[in-house]
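Okay, structure first, notes after.
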Amino acid sequence: MPTREPARPHGRPAGRAHGRHGPARRPARRGLGDVLAGLGALVLLVALVGGVPYALLKYVGPPIDPEQFDVRTLLSQAGPSTITAVLVLLVWLAWFQLFVCVLVEVYAGVRRVGMPARVPMSGGTQALANKLVGAVLLLFTTGAMVAPIVKLAPAPAPPPMTAVAYSAPIVEKATLDTQQTKKVYVVQPPHGRHHESLWEIAEKCLGDGRRYHEIYRLNQAKEQPDGSKLRMADLIRPGWVLDMPDDARHTHTVPVGQPREQTLRDHPGRAEVPRSVEQRADRAEEKAEQKKDVERRAENRGGAKHRLPEQDRRLPEQERREQPVVREAQSSALMDYLAPASLAAAGLLFVLSRRRREQLWNRLPGRRTARPRGDAAEAEVALRLGADAPGARILDIGLRLLGAELAARHRTPPTVYAAHLSARTLDLWVHPPDPDPPAPWTAQDGGQVWRLPAHEGRLLEDQPGGAPYPGLVSIGANAGGRVLVDLEAAQGLINVRGPQTTAALAAIAVELATNRWSDRMRVTLVGFGEELTAIAPDRIRAVGGLAEVLPELEAAAAPREQVLTGRVTGSPREAHYLLSAVAPTHEEARRLALLARRDTAGYVVAGDIPHATWTLEITEDGKARIAELGFEVEAQLLPRRHYRALVELFRTAGRMEGEPIPEPEPLVGLHAPAVEIRLLGPVEVRGLRPLEEGRLALAAEMLVYLATHPGGVHPVVLGGVLWPRGVQDLVRDATIARVAEWLGPDHLLTDEAGRLRLGPEVRTDWMLFRELVRRARGDAMARPVLLEKALGLVRGPLLAGRPPGRYAWLAAEDLEYDVAAGVADAAHQLCELRLAQNRPDAAVAAVRQALLLAADDEGLWRDLLRATHATQDGVRLRAVVEGLTRRAASHPYGGALAPETEALIEELLPTWRIHVVRESSA
């Protein structure tokens with residue numbers, strides 16, 4: 001078994017290893033020769049640095065004599081005096097170069113920064129300064145040495161060493177056979193502004209920084225994990241794996257014949273974090289083996305279930321519960337398939353948010369809306385990570401604007417057979433080519449491509465016009481972006497075939513049913529996808545065979561030009577798409593082919609279909625090819641497990657009964673904490689020194705996650721949460737170490753199982769909110785004051801302003817659901833209390849405070865209506881009604897009001913509909 005010495009906290013000198021068998025550190029001793037060399041070097045340095053300029057000034061003069069360097073003198077009479085002046089200047093320059101080199105070497109030696117900086121064009125001079133300064137420093141100190149630039153004599157061969165292998169709870173002694181094993185060292189990440197150097201590694205692992213050149217020779221020109229090679233002794237990078245001499249300590253031991261590629265895989269680099277965070281030194285070998293096993297299983301991308309190995313069963317129960325989450329979050333197939341489907345993800349989240357708004361209509365006090373769990377929750381995490389809402393908006397608004405502009409010019413929209421959406425442009429392939437698209441679209445390639453720059457698309461306002469191309473749907477992605485085809489543009493059958501036909505059809509169905517660039521649509525699924533009707537029941541239907549729908553399709557067929565014109569002029573016909581996983585009979589194929597040629601619809605059929613217009617081939621390696629269009633992309637697929645997870649996600653969003661809100665843990669006191677993490681509004685961390693802007697977002701997210709998991713979180717789990725697409729251990733551990741240093745030793749703790757948790761003096765405003773509400777329930781006299789204090793903590797939406805792509809883990813947590821329900825319930829209670837006290841203005845203020853965070857909870861809006869009505873101010877009530885109706889009409893997830901809300905408005909302001917009509921007419 002490979003042996004390894006325990007890691008030590010960063011910056012702590014490596015001392016003698018545990019036990020009497022540990023390798024002793026070789027002391028740096030000064031002999032008589034060192035003393036004499038140091039004295040001689042000191043005298044020579046003083047003579048060169050001080051004596052040379054003194055002699056020059058006394059006997060020759062300053063470096064530049066204006067009379068000697070007069071231009072007219074140089075041009076008219078250049079004699080011995082001029083030559084002497086030039087030589088004197090050269091001597092002064094040589095002395096100045098030596099002086100600079102001495103300063104650089106002294107700084108490097110005294111500050112112990114490792115390799116000194118190189119002075120330009122001073123190779124030999126700096127080497128001389130290096131030797132002299134090194135000898136002088138050796139005279140005064142035993143450890144502060146300057147890394148030599150010139151090649152030193154090889155160090156004497158070390159005596160045979162014995163290494164100690166630590167494997168908790170037993171300490172074993174193992175004698176290393178240097179003919180069968182070798183040692184490697186992983187370069188550590190920066191600690192603050194400090195970077196490791198070969199000198200420091202030699203000092204830590206070999207006991208003498210002057211042996212750095214041995215490490216350099218062993219690793220020169222060897223490829224490292226990032227693909228680069230060691231070419232200069234002072235240029236090493238964190239994460240590099242360095243071969244070490246046989247007597248090195250604090251290293252990993254690997255077989256001599258092990259290929260370097262395997263060494264790099266087995267030792268990706270681990271940071272040495274502060275002792276307050278990393279308290280696992282005494283069990284380093286066991287923890288390393290456990291982590292390797294977790295990572296190996298996490299690489300299984302099929303999502304198969306595995307029996308826990310013996311060493312996993314030794315882990316604490318909490319940690320074993322957390323590890324499957326890591327495997328799913330970092331490399332599960334749910335993430336692999338759902339996150340890359342960026343447009344489908346945006347559409348799914350749009351429809352899901354609309355469902356959840358309806359859930360809030362029916363939420364009862366004391367209960368939160370039902371939240372997803374298991375695969376459904378992980379599916380939502382993947383959707384949040386991958387959703388390209390800006391891209392979907394550009395596609396929607398850009399196409400509607402195009403249709404409206406063409407209609408204004410009385411032009412029929414061209415056939416768009418494909419589109420490409422990238423971060424920079426939206427391109428449409430049109431037929432026939434047309435060099436005159438309406439602005440801001442431009443023509444490319446002689447009119448074959450119409451292009452909308454992304455920066456122009458982001459500036460467009462919402463368009464009221466119809467959707468001209470609802471059949472555009474993603475088939476996959478290439479390096480530049482997403483590739484879509486218009487199912488209607490084939491004007492014939494589209495044949496799909498390959499080993500993952502149903503997965504491709506399911507992906508097409510989900511995106512068609514949830515996209516924003518369509519209006520009225522119906523998707524008929526044949527032979528598959530009955531569960532998908534839960535996602536969009538108004539758009540999707542499933543049937544058993546083609547015979548059930550062919551007569552209906554034949555009766556409703558309509559010519560393409562008529563349909564396109566109707567879409568852009570305001571009289572659209574329902575778009576219809578048929579996706580069949582069942583191969584048609586010969587007669588059904590004939591009827592479908594005739595229907596597809598004369599109907600404006602999309603027909604995608606599995607099986608071997610003769611005379612298909614396009615063939616979408618899904619290869620075994622996950623590629624999607626349409627030879628007729630020249631496309632080959634990474635296919636967009638939705639395997640059965642994935643769409644089952646989506647179905648369960650939407651079924652959960654349809655549950656109206658809700659769930660009870662769990663009781664919070666009581667706080668010991670209400671005193672101000674040392675560190676406060678504010679969640680009820682924009683994310684803030686108070687009580688700490690400012691952190692660099694580029695690191696603050698990730699550090700704050702880590703603190704938010706730890707603060708909402710007081711039981712502790714294993715670093716492996718934390719890495720899967722913060723970097724759901726995967727991260728190197730080196731980066732994860734360095735980030736944890738940086739946050740630990742930012743917080744201080746008392747605020748980030750580690751338990752015996754290695755889980756991280758925040759100290760008792762770190763608190764969130766949500767914890768304080770819940771404690772104030774809890775105390776309010778038990779103290780009727782102080783209840784209004786406590787509830788007001790709680791609502792005063794609300795500053796805006798939960799974690800407002802969080803960067804895009806972050807906090808996707810919230811989808812699998814209780815926090816969003818608990819906060820929205822808790823704030824709304826507190827405001828409802830305070831509103832009722834203030835109305836009972838005949839203080840309607842205070843009731844209005846309480847509800848408006850809660851609406852800053854829970855703006856979609858219509859129970860709060862009803863409270864606001866009742867409280868405003870109690871003020872007996874009709875104008876004020878009308879303003880609230882008008883604001884509410886305007887908000888509902890423009891709401892991104894649907895323009896309706898809850899029936900209960902409409903009924904209350906009818907009761908309090910019977911003439912409200914007249915005012916709404918007048919407002920809309922104006």
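This is a predicted model, so every value here is computed, not measured.
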(request) Look up atom CD1 in Ile475 and atom CZ in Arg482, then write down how far apart they are to the nearest 0.5 Å. (result) 10.0 Å
(message) Closer than 3.5 angstrom, by distance alone: can the side chain of Thr425 be matched with the main-chain N or O of Asp427 as a donor-acceptor pair?
(response) no
(message) Would you say Glu488 and Tyr469 are linked by a side-chain donor-acceptor pair, where the criterion is simply a distance under 3.5 Å?
(response) no
(message) Within the 4.5 Å heavy-atom criterion, are Leu452 and Pro440 side-chain neighbours or not?
(response) yes
(message) Distance check, rounded to the nearest 0.5 Å: Thr652 atom OG1 versus Gln359 atom CD?
(response) 8.5 Å
(message) Go through it in stages, so that I can follow the logic: the residues are Leu722 and Met702, the test is side-chain contact (heavy atoms from CB on, under 4.5 Å), and I'd like the CA-CA distance, side-chain angles, deciding distance and then a yes or no.
(response) CA-CA 7 Å; Leu722 299 179; Met702 181 186 298; 3.7 Å; yes
(request) Using a strict 4.0 Å threshold on nitrogen-to-oxygen distance, state whether Arg354 and Glu358 make a salt bridge. (result) no
(message) Nearest 0.5 Å, please: how far is CZ in Arg597 from OG1 in Thr613?
(response) 6.5 Å
(request) May I ask you to test the Glu456-Ile394 pair for a side-chain heavy-atom distance under 4.5 Å? (result) no
(request) Could you verify whether a donor N or O on one side chain and an acceptor N or O on the other, from Thr619 and Glu617, lie under 3.5 Å apart? (result) no
(message) Main chain of Val605, side chain of Asn495: is a donor-acceptor contact present, judged purely on distance under 3.5 Å?
(response) yes
(request) Name all residues meeting the side-chain hydrogen bond (donor to acceptor under 3.5 Å, both in side chains) criterion together with Tyr603; count only those two or more places apart in sequence or in a different chain, and write none if there are none. (result) Asp599
(request) Give the minimum heavy-atom separation between Ile618 and Ala624, together with the two atoms involved. (result) CD1-CB, 4.0 Å
(message) Please find the pair of heavy atoms, one from Glu648 and one from Ala376, that lie closest to each other, and give the distance.
(response) CG-CB, 3.8 Å
(message) For Arg424, I'd like to know if atom CZ has over 12 heavy atoms of other residues, nucleotides or ligands within 6.0 Å.
(response) no
(request) Could I get the full list of salt bridge (charged side-chain N to carboxylate O under 4.0 Å, His left out) partners for Glu531, not counting sequence neighbours? (result) Arg640
(request) With the side chain counted from C-beta on, respond yes when Leu698 and Arg806 share a heavy-atom pair under 4.5 Å apart, and no when they do not. (result) yes
(message) With a 4.5 Å cut-off on side-chain heavy atoms, are Val523 and Leu532 touching?
(response) no
(request) Drop me the distance from Met335's CE to His642's NE2, to the nearest 0.5 angstrom. (result) 10.5 Å
(message) Would you compute the distance between atom CZ of Arg357 and atom CG of Leu352 and round it to the nearest 0.5 angstrom?
(response) 14.5 Å
(request) Hey, could you give me the CD/CG distance between Gln491 and Asp486, rounded to the nearest 0.5 Å? (result) 9.5 Å
(message) Under the rule for salt bridge (charged side-chain N to carboxylate O under 4.0 Å, His left out), what residues qualify as partners of Arg539, not counting sequence neighbours?
(response) none
(message) I'd like to know if the side chain of Trp517 reaches the main chain of Leu399, judged simply by a donor and an acceptor atom lying under 3.5 Å from each other, with no hydrogens or angles considered.
(response) no
(message) side-chain contact (heavy atoms from CB on, under 4.5 Å), that's the test. Do Leu579 and Val496 meet it? Break it down for me.
(response) CA-CA 10 Å; Leu579 311 176; Val496 58; over 6 Å; no
(request) Check Pro413, Pro438, Pro414, Pro468 against Leu402 for a side-chain contact (heavy atoms from CB on, under 4.5 Å) and give me the one that passes. (result) Pro438
(message) Between Glu574 and Arg522, does any side-chain N to carboxylate O distance fall below 4.0 Å?
(response) yes
(message) Determine whether a donor-acceptor pair (N or O, by modelled atom type, separation under 3.5 Å) exists between the side chain of Asn478 and the backbone of Gly481.
(response) yes
(request) Could you tell me which non-hydrogen atom of Asn515 sits nearest to which non-hydrogen atom of Ser518, and how far apart they are? (result) OD1-OG, 2.6 Å
(request) Search all heavy atoms of Thr501 against all heavy atoms of Ala606 and return the closest pair with its distance. (result) CG2-CB, 3.6 Å
(message) Keeping Tyr705 on the side-chain end and Leu718 on the backbone end, is there a donor-acceptor pair under 3.5 Å?
(response) no
(request) Any chance you could lay out the side-chain contact (heavy atoms from CB on, under 4.5 Å) test for Leu525 and Glu530, step after step, and finish with the verdict? (result) CA-CA 8 Å; Leu525 309 180; Glu530 184 177 358; over 6 Å; no
(request) With sequence neighbours excluded, tell me which residues meet salt bridge (charged side-chain N to carboxylate O under 4.0 Å, His left out) with Glu620. (result) none
(message) One thing to verify: whether Asp462 and Arg400 come together as a salt bridge, which I'm taking to mean a side-chain N less than 4.0 angstrom from a carboxylate O.
(response) no
(message) With heavy-atom distances below 4.5 Å as the criterion, would you say the side chains of Asp856 and Arg887 are in contact?
(response) yes
(request) Kindly indicate whether the side chain of His420, heavy atoms from C-beta on, has any atom under 4.5 Å from the side chain of Trp429. (result) yes
(message) Applying salt bridge (charged side-chain N to carboxylate O under 4.0 Å, His left out) as the test, list every pair that has at least one member in residues 429-442; sequence neighbours left out.
(response) Arg411-Asp434, Arg411-Asp436
(request) Answer yes or no: is there a side-chain heavy-atom contact under 4.5 Å between Leu484 and Val473? (result) no
(request) Answer yes when Arg393 and Asp396 have at least one side-chain N-carboxylate O distance shorter than 4.0 Å, and no when they do not. (result) no
(request) Taking the side chain as every heavy atom from C-beta outward, state whether Leu649 and Leu383 have any atom pair closer than 4.5 Å. (result) yes
(request) Please report the shortest heavy-atom distance between Leu637 and Tyr337, naming the atom on each side. (result) O-CD2, 3.7 Å
(request) With sequence neighbours excluded, tell me which residues meet salt bridge (charged side-chain N to carboxylate O under 4.0 Å, His left out) with Glu511. (result) none
(message) Between Asp375 and Arg644, does any side-chain N to carboxylate O distance fall below 4.0 Å?
(response) no
(request) Would you kindly say whether Arg356 and Tyr817 are connected by a side-chain donor-acceptor distance under 3.5 Å? (result) yes
(request) State plainly whether the residues Glu816 and Arg802 are in salt-bridge range, i.e. N to O under 4.0 Å. (result) yes
(request) Could you walk me through whether Thr524 and Leu553 pass the side-chain contact (heavy atoms from CB on, under 4.5 Å) test, one step at a time? (result) CA-CA 10 Å; Thr524 299; Leu553 297 177; 5.6 Å; no
(message) Whether the side chain of Gln636 engages the backbone of Ala477 through a donor-acceptor N/O pair (distance < 3.5 Å, no angle test) should be reported.
(response) no
(message) Which heavy atom of Val381 sits nearest to which heavy atom of Ala808, and what is that distance?
(response) CG2-O, 3.5 Å
